**Student:** 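Sending over a structure as structure tokens; questions will come in a sec.
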Amino acid sequence: LPAGYAVGWGGQFEHLGRAEKRLYIVVPLALVLILSLIYLTFHSLRDALMIFSGVLFAGVGGILGLYVMGLPFTISAGVGFVALAGASMLEGLVLVSAIRDRMSHGMSKREAIEDARLSRLRPVLMTGTVAALGFVPMMLSTGIGAEVQKPLATVVVFGMACDTLLTMLALPVMYQIGRAHV
């Protein structure tokens with residue numbers, strides 16, 4: 001470039017850069033706050049981390065959803081991951097609460113896990129299904145604004161489906177392996 005000229009990005013790309021910088025602060029802060037609240041609820045870091053594993057379960061589904069649908073990671077997808085984090089941990093919270101309740105009433109850990117899985121299957125499925133189905137129209141949209149809606153909705157739909165499945169399969173195994181009898 002000749003002297004006195006410079007190249008700079010503007011418009012949507014500039015907005016993307018600013019929003020990305022904010023997300024690097026807001027997302028970890030939100031996750032730490034959620035983990036802290038779960039710890040304060042159960043007074044057990046191990047239980048809090050098991051519930052928090054829902055974020056990882058859902059994250060796998062969200063990333064897979066973006067890949068399957070051929071969508072890039074955008075700011076709206078990032079917002080979808082934040083929303084997904086809260087909803088996904090709710091399923092783990094329901095299951096771990098039920099397990100702890102049964103153990104406090106004298107059931108062995110294995111019995112408590114099996115009984116809680118069976119009795120909490122419907123609430124966990126309903127939580128995941130309602131959260132995911134609400135976003136299906138946005139995920140399938142093709143009209144004006146679809147480029148903003150689709151990534152967010154795709155992350156939530158695929159993330160909740162993956163989280164629901166893994167919460168009912170992997171979380172009980174983790175609880176059996178990782179938590180000493182109370």
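No hydrogens, no waters, no symmetry mates; every other heavy atom, side chains included, goes into these values. Bear in mind the structure is a predicted one, so any value in this text is a computation, not a measurement.
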**Student:** Quick check: is Leu133 connected to Val68 through a chain of hydrophobic side chains (ILVMFWY, heavy atoms under 4.5 Å apart)?
**Tutor:** yes

**Student:** How about Lys109 and Gln176: do any of their side-chain heavy atoms sit closer than 4.5 Å?
**Tutor:** yes

**Student:** CE/Met160 to OG1/Thr129 distance, rounded to the nearest 0.5 angstrom?
**Tutor:** 8.5 Å

**Student:** At what distance, to the nearest 0.5 angstrom, does CZ of Arg22 lie from CD1 of Ile75?
**Tutor:** 8.5 Å

**Student:** Search all heavy atoms of Asp47 against all heavy atoms of Ser44 and return the closest pair with its distance.
**Tutor:** N-OG, 3.1 Å

**Student:** Would you check if Pro72 and Leu66 make a side-chain contact, meaning some heavy-atom pair closer than 4.5 Å?
**Tutor:** no

**Student:** Quick one: do Arg117 and Glu114 satisfy side chain to side chain contact (heavy atoms under 4.5 Å, CB included)? Show the steps, please.
**Tutor:** CA-CA 5 Å; Arg117 281 180 67 203; Glu114 287 305 314; 3.5 Å; yes

**Student:** If you take all heavy atoms of Leu31 and Ala85, which pair is closest and at what distance?
**Tutor:** CD2-CB, 3.7 Å

**Student:** Does the pair Arg46 and Tyr175 meet the rule for a side chain to side chain contact (heavy atoms under 4.5 Å, CB included), with working shown?
**Tutor:** CA-CA 9 Å; Arg46 188 173 281 158; Tyr175 203 91; over 6 Å; no

**Student:** Given side chains that start at C-beta, do those of Val26 and Val82 come closer than 4.5 Å, heavy atoms only?
**Tutor:** no

**Student:** Keeping Ser141 on the side-chain end and Met138 on the backbone end, is there a donor-acceptor pair under 3.5 Å?
**Tutor:** yes

**Student:** If you compare all heavy atoms of Thr154 against all heavy atoms of Met69, which two are closest, and at what distance to 0.1 Å?
**Tutor:** CG2-CG, 3.6 Å

**Student:** Going from CD1 on Ile38 to CG on Leu45, what distance comes out if it is rounded to the nearest 0.5 angstrom?
**Tutor:** 11.0 Å

**Student:** From Leu95 CG over to Ile99 CD1, what is the distance, rounded to the nearest 0.5 angstrom?
**Tutor:** 4.0 Å

**Student:** Please, which pairs that meet side-chain hydrogen bond (donor to acceptor under 3.5 Å, both in side chains) have at least one residue in residues 83-99, sequence neighbours excluded?
**Tutor:** Glu91-Thr164

**Student:** If I compare all heavy atoms of Ser53 with all of Leu171, which pair ends up nearest, and what's the gap?
**Tutor:** OG-CD1, 3.9 Å

**Student:** Do Leu49 and Met103 belong together in a cluster built from hydrophobic side chains that touch within less than 4.5 Å?
**Tutor:** yes

**Student:** Mind listing the closest non-hydrogen atom pair of Phe42 and Leu93 along with its distance?
**Tutor:** CE1-CD1, 3.2 Å

**Student:** Could you state the interatomic distance from CG (Asp163) to OG1 (Thr127), rounded to the nearest 0.5 Å?
**Tutor:** 10.0 Å

**Student:** Verify the neighbour count for atom CZ of Arg18: are there more than 12 heavy atoms of other residues, nucleotides or ligands below 6.0 Å?
**Tutor:** yes

**Student:** Do Val148 and Phe135 sit in one hydrophobic cluster, given that two such residues count as connected whenever their side-chain heavy atoms are within less than 4.5 Å of each other, even indirectly?
**Tutor:** no

**Student:** Could you tell me whether a side-chain N or O of Arg120 sits under 3.5 Å from a main-chain N or O of Val94, the two making a donor and an acceptor?
**Tutor:** no

**Student:** Closest approach of Val156 and Gly80, non-hydrogen atoms and distance?
**Tutor:** CG2-O, 3.9 Å

**Student:** Honestly curious: do Leu165 and Leu64 fall in one hydrophobic cluster under the side-chain, below-4.5 Å linking rule?
**Tutor:** no

**Student:** If you count every heavy atom of other residues, nucleotides or ligands that lies below 6.0 Å from Leu40 atom CG, does the total exceed 12?
**Tutor:** yes

**Student:** Looking only at atom types and distance, does a side-chain atom of Arg102 sit under 3.5 Å from a main-chain N or O of Ala98, one as donor and one as acceptor?
**Tutor:** yes

**Student:** Establish whether Met168 and Phe57 are linked, either directly or via other cluster members, by ILVMFWY side-chain heavy-atom contacts under 4.5 Å.
**Tutor:** yes

**Student:** Flag the pair Phe81 / Phe73 as yes when at least one side-chain heavy-atom distance between them is below 4.5 Å, and no otherwise.
**Tutor:** yes

**Student:** Got a second to check how far Ile34's CD1 is from Ile51's CD1, nearest 0.5 Å?
**Tutor:** 12.0 Å

